[in-house]
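Note that this is a predicted model, so its numbers are computed, not measured.
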Number of protein chains: 2
Amino acid sequence: MNRVASSTSPGARLTPDERRAELIDAVLRCIMRDGHLGLSVRTVCQEAGVSAGLLAHHFNGKEELIKEAYRKLTKDLFIQLLAILDEASEPVAQLRLYVDSFFRPPMLDKDYLKVWLGFWSLSQQKAEIATLRNEVNSKYVKILEQLITQSINRLDIPNVNARLAAFGLSALMDGLWLEWSLNPKSFSPEEANQICQCWVDSLIAGELKRIR
Amino acid sequence: MNRVASSTSPGARLTPDERRAELIDAVLRCIMRDGHLGLSVRTVCQEAGVSAGLLAHHFNGKEELIKEAYRKLTKDLFIQLLAILDEASEPVAQLRLYVDSFFRPPMLDKDYLKVWLGFWSLSQQKAEIATLRNEVNSKYVKILEQLITQSINRLDIPNVNARLAAFGLSALMDGLWLEWSLNPKSFSPEEANQICQCWVDSLIAGELKRIR
DNA sequence: GCCTCTGTTGTACAATTGTACAATAGAGGC
DNA sequence: GCCTCTATTGTACAATTGTACAACAGAGGC
């Protein structure tokens, strides 16, 4: 059995935590390379440079590995976002940064779509995955809602429904991200950013009059 | 072998076109029920009430069946959309109807997400499916772009980039549709419609100033 | 009423899947 | 240096997959 991607030598003993982390990294690499279709335990273990039987020793089956991988990825991306928001102190500037980071690497990588499609597909069958996704997504929307609330308070914009505005902006970003991932030739990331920033313009100008 | 869903009796001979249509209907029912994961030739054929070997006689493999099902579904939905747009004569009203129809049954059915996830997943591996999706999607965006162009011409709104506005509105609808499909509890279809109509409000008021 | 054509059936087959499990080997305690 | 513990290996196994193909049967031409 030839190793492929791991940097440790074959047969090396790792801490359970270390090995679990390597398997999680491996499954994410596999999905980003091949998509979630055709993902097999053997492929993942080969990518991790370990024998196929090892997965059962560290995870309670393939599905749990995928779930943990989803946990890890969303956690990392969330930390990245918080770091980016930390670069500004004013809510409006933070809102701009939020949008901006969405359409730049490393956030904008068309291989991420494969990962998301895998999780979404699984969430249609496993309620636990669906619940996890809903929790993660609501965290993102809540941040948007907070930033919007703070922005309109500071700028004295009356009667804005921050919850709906947050869902709208979140959906606008997601929709543009999705379409770009499916077909990067349809528009440029800069254009997508422009469209979203335009929504923010209207929002902080008090022009989104029906959302209140 | 017991039949399940078809209305014809077992062993009945159908025209190739009829049988192909029944298989296409069956595979769509299967995906909407079980998702694209776990979709098997045997399941589809059982749903269609025919033997498993028949698929190979009418289609050049499982993948071609799925591709034809995608063709059929998108064609049907497109015809539905055109019929809806026909209910109005003015571009602004048609734009409103377009958005409105997106967040009402039969367009808004959370089981459609399973179908779309299946096609998108496949499009990540098969270039032919990806090309097909891009063609279909660009037809939808082109309609939006036309309606937007006609609207701003009629209302004398200066300097609007109809192409970007169309991508934006399309993404906003898709994003809201996606999030609602993944989690119908996050917001109501009426709220989603409200958010999109608000975008149209701003657009035809000439307020989306950065999109030009 | 037979013949031909072909839609349909049932099965066989190789390939791949996820998982369980006995055997192995390497690291740390003493 | 031995002993114990367990991370790791390799394999076996049942289940499921997509597809090919020989056999069957029913409808239409004549």
Side-chain angles (χ1 to χ4, degrees), chain A residues 1-24 26-27 30-31 34-69 118 121-122 125-126 129, chain B residues 1-24 26-27 30-31 34-69 118 121-122 125-126 129:
Chain A
M1 176 104 7
N2 42 0
R3 295 181 45 261
V4 173
S6 173
S7 57
T8 53
S9 43
R13 283 169 80 94
L14 267 64
T15 302
D17 281 347
E18 292 171 335
R19 185 61 75 196
R20 285 169 63 95
E22 293 223 344
L23 284 168
I24 286 174
V27 74
C30 284
I31 298 180
D34 308 323
H36 67 103
L37 300 174
L39 180 76
S40 79
V41 171
R42 282 166 181 79
T43 310
V44 173
C45 288
Q46 186 177 341
E47 173 73 25
V50 297
S51 177
L54 193 59
L55 194 147
H57 193 262
H58 290 288
F59 293 92
N60 203 5
K62 177 190 177 184
E63 192 187 312
E64 191 188 281
L65 170 62
I66 297 179
K67 191 168 64 184
E68 293 304 317
S121 298
L122 209 55
Q125 292 183 319
K126 309 288 175 178
I129 304 275
Chain B
M1 176 101 9
N2 42 2
R3 296 184 41 265
V4 172
S6 175
S7 57
T8 52
S9 43
R13 284 169 78 96
L14 266 63
T15 302
D17 281 348
E18 291 170 336
R19 185 60 77 197
R20 285 169 63 95
E22 294 222 344
L23 284 168
I24 286 174
V27 73
C30 283
I31 298 179
D34 308 323
H36 68 102
L37 300 175
L39 179 76
S40 79
V41 171
R42 281 165 182 80
T43 310
V44 172
C45 288
Q46 185 176 341
E47 173 73 25
V50 297
S51 175
L54 193 58
L55 194 145
H57 193 263
H58 289 288
F59 293 92
N60 202 6
K62 178 190 177 185
E63 192 186 313
E64 190 188 282
L65 170 61
I66 297 180
K67 192 168 63 183
E68 293 305 316
S121 299
L122 208 55
Q125 293 184 318
K126 310 288 176 180
I129 304 274

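Which of C:dT8, C:dG18, D:dG10 sits closest to the side chain of A:V41 comes down to C:dG18. Side chain of B:A56, nearest nucleotide from D:dA20, C:dT9, D:dT8: D:dA20.
Side-chain atoms of B:S40 come within 3.5 Å of backbone N or O of B:T43 as a donor-acceptor pair.
A close approach under 4.0 Å does occur between a side-chain nitrogen or oxygen of A:S40 and OP1 or OP2 of C:dT17. A sub-4.0 Å separation between OP1 or OP2 of C:dT6 and a side-chain N or O of B:R13 is absent. Not one side-chain nitrogen or oxygen of B:H57 sits closer than 4.0 Å to the OP1 or OP2 atom of D:dT19. Between D:dT17 and B:R42, no contact under 4.0 Å exists linking OP1 or OP2 to a side-chain N or O.
A salt bridge links B:R19 to B:E22: at least one charged side-chain nitrogen sits closer than 4.0 Å to a carboxylate oxygen.
Both A:G38 and A:L54 lie near DNA chain C, and the one whose nearest nucleotide falls closer to the 5' end is A:G38. A residue-by-residue look at A:N60 and B:T15 shows that B:T15 has its nearest nucleotide of DNA chain C further toward the 5' end.
Following rounding to the nearest Å, A:L55 (CG) and D:dT8 (P) show an atom-to-atom distance of 12 Å. Residue B:E63 contributes atom CD, which lies 15 Å from atom C1' of D:dT17 at whole-angstrom precision. In this structure, CD of B:E22 is placed 13 Å from C1' of C:dG7, rounded to the nearest angstrom. When rounded to the nearest whole Å, the span between NE2 of A:H36 and P of C:dT17 equals 15 Å. Rounding to whole angstrom units, CZ of residue A:F59 and P of D:dT8 are separated by 12 Å. Across the protein-nucleic acid pair, B:L23 atom CG and D:dT19 atom P stand 13 Å apart, rounded to whole Å. For the pair B:I66 CD1 and D:dT17 P, the interatomic distance rounds to 13 Å; values are reported in whole Å. Atom-to-atom, NE2 of B:H58 to C1' of D:dA20 comes out at 16 Å; the value is rounded to the nearest Å.
To the nearest 0.5 Å, the span separating SG on B:C30 from CD1 on B:I66 amounts to 10.5 Å.
Residue contacts shown for B:L39 are limited to sugar-phosphate atoms, with no base heavy atom under 4.0 Å away.
Within the 4.5 Å cutoff, no side-chain heavy atoms of A:D34 are placed close to those of A:L39. Looking only at side-chain heavy atoms (C-beta outward), B:V41 and B:F59 stay at 4.5 Å or farther from each other. Taking 4.5 Å as the limit, every side-chain heavy atom of A:E68 sits out of range of all side-chain heavy atoms of A:V27. Contact check for A:L23 versus A:V50: side-chain heavy atoms found under the 4.5 Å cut-off.
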Pairs: protein N or O with nucleotides 28-30 of chain C N or O, under 3.5 Å:
none

